[in-house]
Amino acid sequence: MRLLATSLVALACATVSLGASAQGAGVKAMGGILVDSKGMTVYTFDKDTANSGKSVCNGPCAKAWPPVAPMGTPAAPYSSITRDDGSAQLAYDGKPLYLYEKDQKPGERAGDNFKDIWHVVKQ
């Protein structure tokens with residue numbers, strides 16, 4: 001009985017920890033992909049280098065592909081990078097995350113494989 005209680009407490013703590021890291025990031029897995037807090041599809045850009053701490057999508061690119069801002073302090077596998085304009089951007093496994101301006105409703109994926117360099121983040 002004591003072992004069962006200990007296992008349940010450990011499971012509850014692990015669940016809270018996983019939820020907190022995603023909640024702190026402001027994104028979650030839904031339907032096999034990563035979405036923001038509003039359910040909008042999240043993308044990565046092939047021209048970004050993982051773990052470089054930089055985004056190469058700035059200016060007009062960032063207008064079409066708005067950066068995902070972190071909510072709170074993200075925990076691994078999420079992190080935050082500083083963009084050229086000084087704002088913070090959320091990263092997943094070291095890759096900066098973006099939305100796509102042409103996605104108008106939650107669940108839309110108009111940017112997936114756009115020019116073969118923009119991709120939905122799959123979970």
Side-chain angles (χ1 to χ4, degrees):
M1 185 69 145
R2 185 176 178 97
L3 179 60
L4 177 60
T6 303
S7 296
L8 289 174
V9 169
L11 178 61
C13 288
T15 301
V16 168
S17 176
L18 289 173
S21 67
Q23 182 180 18
V27 295
K28 62 184 175 183
M30 181 181 283
I33 64 167
L34 204 59
V35 298
D36 74 356
S37 61
K38 297 176 184 171
M40 301 303 289
T41 303
V42 174
Y43 300 89
T44 56
F45 185 36
D46 285 350
K47 292 185 179 183
D48 285 330
T49 302
N51 301 310
S52 70
K54 302 290 281 171
S55 165
V56 298
C57 179
N58 294 289
C61 177
K63 183 179 182 321
W65 298 91
V68 175
M71 295 177 70
T73 304
Y78 301 97
S79 59
S80 181
I81 66 164
T82 302
R83 297 183 48 76
D84 287 354
D85 66 5
S87 64
Q89 182 173 1
L90 186 64
Y92 178 74
D93 284 339
K95 292 278 284 190
L97 299 177
Y98 305 87
L99 302 174
Y100 184 45
E101 72 172 352
K102 292 189 179 179
D103 287 346
Q104 298 297 307
K105 294 183 283 187
E108 290 185 341
R109 300 179 188 188
D112 194 21
N113 294 316
F114 184 79
K115 294 190 177 183
D116 293 324
I117 55 176
W118 291 95
H119 308 284
V120 168
V121 180
K122 296 180 181 166
Q123 293 289 291

Looking only at atom types and distance, does a side-chain atom of [X] sit under 3.5 Å from a main-chain N or O of [Y], one as donor and one as acceptor?
{"X": "E108", "Y": "M40", "result": "no"}
{"X": "S79", "Y": "G94", "result": "no"}
{"X": "D36", "Y": "G39", "result": "yes"}

- Out of curiosity, does Y92 fall in the hydrophobic cluster containing V56 (side-chain heavy atoms, cut-off under 4.5 Å, transitive links)?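 Different clusters: V56 never reaches Y92 through Ile, Leu, Val, Met, Phe, Trp or Tyr contacts under 4.5 Å.
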- Cluster overlap V121 with M30, hydrophobic side-chain contacts below 4.5 Å: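 Per the 4.5 Å side-chain linkage, V121 and M30 are not co-clustered.
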- Task: Could you check D93, V68, V27 and say which one makes a side chain to side chain contact (heavy atoms under 4.5 Å, CB included) with Y78?
- Result: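 Only match with Y78 under side chain to side chain contact (heavy atoms under 4.5 Å, CB included): V27.
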- Message: As a quick check of understanding, evaluate side chain to side chain contact (heavy atoms under 4.5 Å, CB included) for T44 and L97, giving each step before the final call.
- Response: CA-CA 5 Å; T44 56; L97 299 177; 3.8 Å; yes
- Query: If you take all heavy atoms of D103 and G111, which pair is closest and at what distance?
  - Reply: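 In terms of heavy atoms, the two residues are closest at OD1-N, 4.0 Å.
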- For the student: nearest non-hydrogen atoms of A62 and P67, plus distance: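 In this case the closest contact between A62 and P67 is O-CD, 4.0 Å.
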Distance, nearest 0.5 Å, that separates [atom1] of [X] from [atom2] of [Y]:
{"X": "T41", "Y": "L99", "atom1": "OG1", "atom2": "CG", "result": "8.5 Å"}
{"X": "K95", "Y": "T49", "atom1": "NZ", "atom2": "OG1", "result": "7.0 Å"}
{"X": "D84", "Y": "N58", "atom1": "CG", "atom2": "CG", "result": "4.0 Å"}
{"X": "Y43", "Y": "F114", "atom1": "OH", "atom2": "CZ", "result": "10.5 Å"}

- Would you tell me whether H119 and D112 have side-chain atoms, one donor and one acceptor, within less than 3.5 Å of each other?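 Note: H119 and D112 side chains miss the donor-acceptor criterion.
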- Message: Using ring centroids (six-membered ring only for Trp), state whether W118 and Y100 fall under 6.0 Å.
- Response: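 Between Y100 and W118, the centre distance exceeds or equals 6.0 Å.
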- Query: Is there side-chain contact between D48 and Y98, with at least one heavy-atom pair below 4.5 Å?
  - Reply: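 Yes, their side chains come closer than 4.5 Å.
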- Message: side-chain hydrogen bond (donor to acceptor under 3.5 Å, both in side chains) for S55 and R83? Distances and angles first, verdict last.
- Response: CA-CA 6 Å; S55 165; R83 297 183 48 76; 2.9 Å; yes
- Item | side chain to side chain contact (heavy atoms under 4.5 Å, CB included) evaluation trace for I81 with K54 | CA-CA 6 Å; I81 66 164; K54 302 290 281 171; 5.7 Å; no
